[in-house]
Amino acid sequence: MNIKIVLFASLRETLDSDGLAFEVAPASTVASAIGALGASCGDAWLQVLSEANVLTAVNHTMVDDNHVLVEGDELAFFPPVTGG
């Protein structure tokens with residue numbers, strides 16, 4: 001099934017990409033999608049997206065690594081945001 005991967009802020013810079021269309025197996029979780037991205041795009045993707053402080057959202061809603069993806073989802077990755 002097809003999903004859209006979106007990268008923000010330092011993740012975009014580190015991986016030199018703002019995102020991509022990506023195909024995952026049906027009933028994939030966020031964690032399995034990260035594994036598939038690493039296998040397809042390289043170890044740097046796996047390492048960066050697996051860091052404990054990386055946040056994930058599906059269709060603009062924060063989720064954890066066990067969230068099950070469906071066709072057409074937008075899976076976004078971003079670093080923690082601080083401000084003042």
Check: Does Asp16 CG have over 12 foreign heavy atoms under 6.0 Å away?
Finding: no

Notebook entry, point to check: For Gln47, does the CD atom sit with more than 12 other heavy atoms under 6.0 Å from it, leaving out its own atoms?
Noted result: no

For [X] and [Y], which heavy atoms make the closest approach, and how far apart are they?
X	Y	result
Ala33	Leu69	CB-CD1, 3.8 Å
Phe8	Pro79	O-CD, 3.6 Å
Val70	Met1	C-SD, 3.7 Å
Leu55	Pro80	CD1-CA, 3.8 Å
Gly38	Leu46	CA-CB, 3.8 Å

Give every donor-acceptor pair under 3.5 Å between a side-chain atom in residues 19-32 and any protein atom, sequence neighbours left out.
{"from": "Ser28", "atom 1": "OG", "to": "Ala25", "atom 2": "N", "distance (Å)": "3.3"}
{"from": "Ser28", "atom 1": "OG", "to": "Ala25", "atom 2": "O", "distance (Å)": "2.6"}
{"from": "Thr29", "atom 1": "OG1", "to": "Ala31", "atom 2": "N", "distance (Å)": "3.4"}
{"from": "Thr29", "atom 1": "OG1", "to": "Ser32", "atom 2": "N", "distance (Å)": "3.1"}
{"from": "Thr29", "atom 1": "OG1", "to": "Ser32", "atom 2": "OG", "distance (Å)": "3.3"}
{"from": "Ser32", "atom 1": "OG", "to": "Thr29", "atom 2": "N", "distance (Å)": "2.8"}
{"from": "Ser32", "atom 1": "OG", "to": "Thr29", "atom 2": "O", "distance (Å)": "3.0"}

Checklist line | Residue list, side chain to side chain donor-acceptor pair (under 3.5 Å) with Ser10, at least two apart or on another chain | finding: none

Note to self: Tell me every residue that passes side chain to side chain donor-acceptor pair (under 3.5 Å) with Ser17, counting only those two or more places apart in sequence or in another chain.
What the structure shows: none

Would you indicate whether the side-chain heavy atoms of [Y] and [X] approach each other to under 4.5 Å?
X	Y	result
Asp18	Leu7	no
Thr14	Trp45	no
Lys4	Leu75	no

In Å and rounded to the nearest 0.5 Å, what is the [atom1] to [atom2] distance from [X] to [Y]?
X	Y	atom1	atom2	result
Asp73	Ile5	CG	CD1	9.5 Å
Thr56	Leu49	OG1	CG	10.0 Å
Asn2	Glu71	CG	CD	5.0 Å
Leu11	Phe78	CG	CZ	9.5 Å

Note to self: Count I, L, V, M, F, W, Y as connected when their side-chain heavy atoms are under 4.5 Å apart, and connections chain through other members. Are Val6 and Val54 then in the same cluster?
What the structure shows: no

